[in-house]
Amino acid sequence: MEKLIGKKLNTSVFISGRGSNLKSLIKYSKLKKSKIEIKLVISNYKLAKGLEIAKKNKIKTKIIFYKKNSSENKLLMLLEKNKIDLVCLAGFMKILSKKFIKKFNKPILNIHPSLLPKHKGLNTHKKVLKNKDSFTGATVHLVNSRLDSGKIILQRKVKVSKKDTELSLANKVLKIEHKLYPAALDKFL
Ligand code: GRF
């Protein structure tokens with residue numbers, strides 16, 4: 001992607017839950033140096049806490065009950081209508097189809113709570129503990145048609161200690177995620 005000069009990209013963030021990464025992206029988008037403007041937050045779950053964060057920040061929200069074909073067409077129309085140039089997945093628990101990615105034809109980024117290519121998919125912290133990894137971390141990557149497999153933009157790691165549990169790891173990694181997503185956008189755009 002060409003580096004942007006002076007223009008903010010219309011961005012949509014897709015969520016399914018808590019929205020702490022959404023919150024960090026909103027904070028980042030308000031910085032002068034940021035190259036994104038969050039125009040639309042999409043959730044596949046109407047009770048997602050993140051929707052409240054969006055509303056508090058006066059960002060338009062939409063709920064899409066996700067069933068692949070029909071909802072993806074709706075989603076594409078919404079993105080087009082809102083002139084969205086970039087999608088950031090932030091805890092979005094659905095897998096976008098190859099067709100969707102191709103039709104949208106603009107960058108889609110995701111944040112994953114592991115040092116990819118290690119531990120794709122769910123239950124990453126459990127896998128880290130089971131594998132006795134000495135480090136874990138988070139990754140921001142481009143989304144392609146294979147789960148958690150697109151080009152890596154940025155990673156940050158954190159040490160796993162003997163005392164760590166799934167919960168303590170999730171908290172440690174989440175802290176990193178909140179800095180990593182903005183840093184990855186700075187690098188990518
Ligand atoms: C994060 O750990 C993210 O890496 C993963 O889902 C979690 C979402 O958390 N994909 P939040 O909704 O951003 O608080």
Side-chain angles (χ1 to χ4, degrees), residues 11-30 34 36 38 40-57 59 61-66 75 86-97 100-101 107-131 133 135-160 164-188:
T11 301
S12 177
V13 182
F14 290 14
I15 60 167
S16 300
R18 179 178 51 190
S20 68
N21 278 290
L22 167 67
K23 197 172 172 187
S24 88
L25 288 174
I26 293 174
K27 194 171 161 206
Y28 164 74
S29 73
K30 291 179 178 165
S34 121
I36 64 163
I38 303 176
L40 178 65
V41 170
I42 289 176
S43 171
N44 65 311
Y45 179 52
K46 75 171 181 191
L47 298 178
K49 279 255 177 277
L51 288 169
E52 290 162 28
I53 299 173
K55 283 177 193 152
K56 224 185 252 168
N57 284 278
I59 298 169
T61 58
K62 281 273 176 201
I63 294 151
I64 299 272
F65 296 105
Y66 203 85
L75 210 48
L86 172 76
V87 167
C88 292
L89 308 183
F92 185 62
M93 296 304 283
K94 296 286 174 186
I95 296 173
L96 298 168
S97 75
F100 175 89
I101 297 166
I108 305 175
L109 269 58
N110 182 40
I111 186 153
H112 183 77
S114 83
L115 292 173
L116 289 174
K118 268 192 156 181
H119 312 314
K120 296 174 183 173
L122 296 174
N123 302 317
T124 53
H125 310 303
K126 198 178 193 165
K127 291 173 187 165
V128 164
L129 292 174
K130 196 171 168 217
N131 209 36
D133 293 345
F135 286 94
T136 184
T139 305
V140 172
H141 65 94
L142 276 164
V143 170
N144 65 13
S145 58
R146 282 167 297 117
L147 182 68
D148 301 326
S149 297
K151 185 172 181 271
I152 290 172
I153 297 170
L154 204 60
Q155 285 186 317
R156 211 160 271 176
K157 60 181 184 177
V158 68
K159 204 162 170 27
V160 180
D164 270 319
T165 60
E166 274 184 62
L167 186 65
S168 68
L169 277 185
N171 288 334
K172 264 190 199 174
V173 172
L174 196 65
K175 238 187 194 168
I176 304 181
E177 290 185 40
H178 297 157
K179 295 205 176 96
L180 184 69
Y181 221 154
L185 286 165
D186 274 342
K187 182 177 174 199
F188 180 68

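For the single chain, residues carry numbers from 1 onward in sequence order. As the structure lists them, so they are numbered: ligands from 1, and atoms in each ligand from 1.
Close approach of ligand 1 to G19 (heavy-atom distance below 4.0 Å) involves ligand atoms 11 (P), 12 (O), 13 (O), 14 (O). Short contacts between ligand 1 and E177, defined as distances under 4.0 Å to a heavy atom of the residue, involve ligand atoms 1 (C), 2 (O), 3 (C), 4 (O).
Heavy-atom minimum distance, I15 versus L51: CD1-N, 3.7 Å.
Of the residues listed (D148, D133, T124), the one engaging H119 in a side chain to side chain donor-acceptor pair (under 3.5 Å) is D133, and it is the only one.
Below 3.5 Å of separation, one finds no N or O of G17 facing any N or O of ligand 1. For ligand 1, one of its N or O atoms has an N or O atom of R18 under 3.5 Å away.
Residues meeting the ring-ring contact (aromatic ring centres under 6.0 Å, His included) test with Y181, sequence neighbours left out: none.
For the pair S12 (side chain) and L40 (backbone), a donor-acceptor distance under 3.5 Å is present.
Among protein heavy atoms, atom 10 (N) of ligand 1 sits closest to I111 O, 3.3 Å. Closest to atom 8 (C) of ligand 1, if we only count protein heavy atoms, is G91 CA, 3.6 Å.
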Can you give each donor-acceptor pair under 3.5 Å made by side-chain atoms of residues 139-147, sequence neighbours left out, with the distance rounded to 0.1 Å?
| from | atom 1 | to | atom 2 | distance (Å) |
| --- | --- | --- | --- | --- |
| T139 | OG1 | S114 | O | 2.6 |
| T139 | OG1 | L116 | N | 3.1 |
| T139 | OG1 | Q155 | NE2 | 3.0 |
| H141 | NE2 | N110 | ND2 | 3.2 |
| N144 | OD1 | R146 | N | 2.9 |

